[in-house]
Amino acid sequence: MTTYIREIAAHEGKVVTLKGWVANKRDSKGLAFIILRDGSGFIQCVVSEETLGADNFEPIKRLTMESAVSLTGTVVKDERQVGGFELQVSEAIVISIAEEYPIAKKEHGPDFLMDHRHLWLRSKRQWAIMRVRNRIIFAIHNFFQSKGFVQMDAPIFTANACEGTTDLFATDFYGEPAYLSQSGQLYGEAMAMAQGLIYTFGPTFRAEKSKTRRHLSEFWMIEPEMAFYDLDMDMDLIEAFIQYVVADILANCKVELETLERDTTMLEKVKEKFPRITHNHAAKILRGEVDVNGKNALKMLEQDTIDSQTRIEACKAEIAEREQKIAGGTLKKGEINFNQAAIDRLKNEIKDLEATLENIPVWYASAKNFADNNDFGGSDETILTRLFGTPIMVYNWPGEIKAFYMKADKDDPSIARGVDVLAPEGYGEIVGGGERETDADLLVKKINEHQLPMEAFGWYLDLRKFGNVPHSGFGLGLERIVSWICKLDHIRETIPFARSYGRITP
RNA sequence: UCCUCGAUAGCUCAGCUGGUUAGAGCGACUGACUGUUAAUCAGUAGGUCCCUGGUUCGAGCCCAGGUCGGGGAGCCA
């Protein structure tokens, strides 16, 4: 029977058989250390010539990275090891020998890694990210199912844009033009009128030629829709939802977060209440007219410039120091490698900092001149959330920049009853939602204003004719929340095979 | 679409003011070593300097155009 590494602690002192791949190998005469991975975890296996005999040990010496083996041995507690245990191998069977593995135990560039995504997924870090993604999906379903929501799927082929603002992927549907769905929102409203509380969870496609660390062309979105909910109830639900998911990950993905070296102090703060601020107030904060907890947006950026410059000087000094050490010629080979790797890292850090320095004046101008009827840019979102340190909810948006279906405020019709949730630590918008317009005449007017084809919205307007009720919903980008919770540099690491501008393989 | 940076060994990079035969580390391979944590030590092999054209006695380096990639803007989850 095969045992999985994840449950190894239950087999202490017993003989088990593990089947997996060689993640790393170190050997010396008569002794080999194999880091085995089986998908459920990683464990060091010790193979000795004395135990196996020369004939059985020889094939083990020939094992290459990612070769497949079946190892039988005794589970021994060993505090030095990552999982706390190691396997003393008594029998080894080689299943297959791998060719030279392209991904080495060192730093690679993003393009190389994405070209080898099918293999990169095996690495420890990517393994941890995919486990977190899996658990987030599980937690999302748990949250909504326990509250009586029904999962209902929206179609992926659609006849028209539901918002009309972003670019769509065009395709052919039996000779008719069709588009890949950019949102299940309108269908969600129809389904909520049938089941009361629903959520959709499916892929979404956007042909925006975005080349940033926040965008994918194909991503997964969860879109709940609730009958008889107004904006305040919507915001209460969003807050409870995000708090639930984050608490679940903190409780159930300790090993994964540790592997990712995720500092969880910011995630712990998510249990605090999310500040709710109007778009108008957020604009004042951005322009530096209003301070938050004694912090000023513009002054923070000025300080960033100074901090970045100081850090660049410090990096340069450290590089010079390490280069001098290497030139000294007294270091051992390992120490030289260590110093060289540190120099590479520092050089990359300088590159990033210099890019930041170049961008800060742009971000500063964007914040300082922020217009009341504007949408936030990526940098504006970063500035706002850094001032707070928890997720924040920005509500009551200028209607002109929001979708046609968003409800107009009854006191000021130029205001849309929408809400965006901005994640801390620079991750920006993870949720967009709001209350839906129920006034059929107003909807018709807005569809015309947005120059959308009226005939495509006949069924949608029907929802206002038959049992019209106030309702709200929101959309959450799965990859964005994975990115934030794992604190990743780039969203491309959050999905097994990313599809983004310029990337369709593997 | 715009701004900006880049492309040199399988990988990560260095290559000075344009000058002889192209450099390092890692990885691979061969060997040594019985407790390694990116093991260590010795050795071996490995190059279309992204493409096209130009300047020059001479181009990895300079110029023009292109291709691909990173970061950012716009747009968005």
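Residue numbers begin at 1 in each chain, while the letters A, B, ... track the order of the sequences.
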Task: Residues that Gln243(A) engages under side-chain hydrogen bond (donor to acceptor under 3.5 Å, both in side chains), provided they are two or more places apart - done: none

Open item on the list: By the 4.0 Å heavy-atom rule, please label Asp78(A) as base, sugar-phosphate, or nothing.
Closed with: base

Open item on the list: Starting the side chain at C-beta, find the nucleotide from G35(B), A73(B), C76(B) nearest to Arg480(A).
Closed with: C76(B)

Open item on the list: Closest approach to the side chain of Arg213(A), judged atom by atom: which nucleotide of C33(B), G72(B), C75(B) is it?
Closed with: G72(B)

Open item on the list: For U34(B), does the base pair up with any side-chain atom of Glu49(A) as donor and acceptor (N or O, under 3.5 Å, distance only)?
Closed with: no

Task: Nearest to side-chain heavy atoms of Asn24(A), which nucleotide of A77(B), A38(B), G71(B) - done: A38(B)

TODO: Could you check whether His490(A) gets within reach of a base, just the sugar-phosphate, or nothing at all, counting any heavy atom under 4.0 Å?
DONE: sugar-phosphate

TODO: Sticking with atom P, work out how far G23(B) lies from C16(B), rounded to a whole angstrom.
DONE: 13 Å

Open item on the list: At 4.0 Å (heavy atoms only), tell me whether Ile430(A) reaches a base, stays on the sugar-phosphate, or touches nothing.
Closed with: sugar-phosphate

Task: Integer angstrom distance from the C1' of G60(B) to that of U1(B) - done: 33 Å

Task: hbond_proxy Glu100(A) side chain to G46(B) base (donor-acceptor, 3.5 Å cutoff) - done: no

Task: G54(B) versus A22(B) - spacing of their C1' atoms, nearest Å - done: 24 Å

Task: RNA chain B: 5'-proximal contact among Gly30(A) and Asp375(A) (nearest heavy atom) - done: Gly30(A)

Open item on the list: What's the gap between A39(B) and U17(B) when it is taken at their P atoms, as a whole Å value?
Closed with: 39 Å

Task: Under 3.5 Å donor-acceptor pair, His108(A) side-chain atoms to C11(B) base atoms - done: no

Task: Nearest-angstrom distance from the residue atom CE of Met114(A) to C1' of C11(B) - done: 18 Å

TODO: Sticking with atom C1', work out how far A14(B) lies from G47(B), rounded to a whole angstrom.
DONE: 15 Å

TODO: Return the orientation label for the Trp127(A) and Phe42(A) ring planes: parallel under 30°, perpendicular over 60°, tilted otherwise.
DONE: perpendicular

TODO: Please figure out whether Leu31(A) or Gly475(A) has its closest RNA chain B nucleotide nearer the 5' end.
DONE: Leu31(A)

Open item on the list: Considering every strand and a 4.0 Å limit on heavy-atom distances, what is the contact class for Gly428(A): base, sugar-phosphate, or nothing?
Closed with: nothing

Task: side-chain hydrogen bond (donor to acceptor under 3.5 Å, both in side chains), paired with His471(A), selected from Lys407(A), Glu189(A), Glu435(A) - done: Glu189(A)

TODO: Measure the distance from CD1 on Ile35(A) to P on G35(B) and round it to the nearest whole Å.
DONE: 16 Å

Task: Thr51(A) (side chain) donor-acceptor with Val47(A) (main chain) under 3.5 angstrom - done: no

Open item on the list: Classify Val362(A) by what it touches in the nucleic acid, base, sugar-phosphate, or nothing, heavy-atom distance under 4.0 Å.
Closed with: nothing

- [ ] Would you indicate what Glu479(A) reaches in the nucleic acid, counting non-hydrogen atoms under 4.0 angstrom: base, sugar-phosphate, or nothing?
- [x] nothing

- [ ] For the side chain of Ser379(A), starting at C-beta, report the closest nucleotide among U37(B), G69(B), A73(B).
- [x] A73(B)

Open item on the list: At 4.0 Å (heavy atoms only), tell me whether Glu99(A) reaches a base, stays on the sugar-phosphate, or touches nothing.
Closed with: nothing

TODO: Please confirm whether His141(A) and Tyr199(A) have ring centers closer than 6.0 angstrom.
DONE: yes

Open item on the list: I need the CG-P distance between Leu488(A) and G71(B), as an integer number of Å.
Closed with: 13 Å

- [ ] Establish, with yes or no, whether the OP1 or OP2 oxygen of G70(B) is under 4.0 angstrom from a side-chain nitrogen or oxygen of Arg492(A).
- [x] yes

- [ ] Could you state the atom-to-atom distance from NZ of Lys209(A) to P of C2(B) in whole Å?
- [x] 10 Å

TODO: Quick one: label Glu86(A) by what it contacts on the DNA or RNA (base, sugar-phosphate, nothing), any heavy atom closer than 4.0 Å.
DONE: base

TODO: For the residue pair Phe201(A) and Trp220(A), categorise the inter-ring angle as parallel (less than 30°), tilted (30 to 60°) or perpendicular (more than 60°).
DONE: perpendicular

- [ ] With the side chain of Arg26(A) defined as its heavy atoms from C-beta on, choose the nearest nucleotide among U34(B), U37(B), A77(B).
- [x] U37(B)

TODO: Send over the distance from Ile34(A) CD1 to U36(B) C1', rounded to a whole Å.
DONE: 12 Å

TODO: Please tell me which of the listed nucleotides, C29(B), A77(B), C76(B), lies nearest to the side chain of Ile491(A)?
DONE: A77(B)

- [ ] Starting from C1' on G69(B), measure out to CZ on Phe112(A) and report it in whole angstrom.
- [x] 15 Å

- [ ] For residues Trp397(A) and Phe376(A), establish whether the separation of their ring centroids is below 6.0 Å.
- [x] yes

- [ ] Find the distance Tyr364(A):OH to A73(B):P and express it as a whole number of Å.
- [x] 19 Å

TODO: Find the distance Leu216(A):CG to C76(B):P and express it as a whole number of Å.
DONE: 17 Å

Open item on the list: Taking the ring centre of each residue, are Phe241(A) and Phe144(A) less than 6.0 Å apart?
Closed with: yes

Task: Selected nucleotide, minimal atom distance to Trp363(A) side chain, candidates G35(B), A73(B), A77(B) - done: A73(B)

Task: Between C29(B) and G70(B) - C1' atom distance, rounded Å - done: 34 Å

Task: Residue list, side-chain hydrogen bond (donor to acceptor under 3.5 Å, both in side chains) with Gln88(A), at least two apart or on another chain - done: Glu86(A)

Task: A9(B) versus U48(B) - spacing of their P atoms, nearest Å - done: 8 Å

Open item on the list: Does the plane of the ring in Phe143(A) sit parallel, tilted or perpendicular to the ring in Tyr244(A)? Use 30° and 60° as the thresholds.
Closed with: tilted

Task: Selected nucleotide, minimal atom distance to His215(A) side chain, candidates C75(B), U34(B), G71(B) - done: C75(B)

Task: Aromatic ring of Phe219(A) stacked on base six-ring of A77(B), 5.5 Å, 30° - done: yes

Task: Listed nucleotide nearest any side-chain atom of Lys29(A), set U36(B), A77(B), U34(B) - done: U34(B)

Open item on the list: Between Tyr187(A) and Glu225(A), do the side chains contain a donor N or O and an acceptor N or O under 3.5 Å apart?
Closed with: no

- [ ] Tell me the stems RNA chain B sits in, counting at least three consecutive Watson-Crick or G-U wobble pairs, each under 3.5 Å on both distances.
- [x] B:1-7 with B:67-73, B:10-13 with B:23-26, B:28-32 with B:40-44, B:50-54 with B:62-66

- [ ] For U56(B) and A64(B), measure between their C1' atoms and round to the nearest Å.
- [x] 16 Å

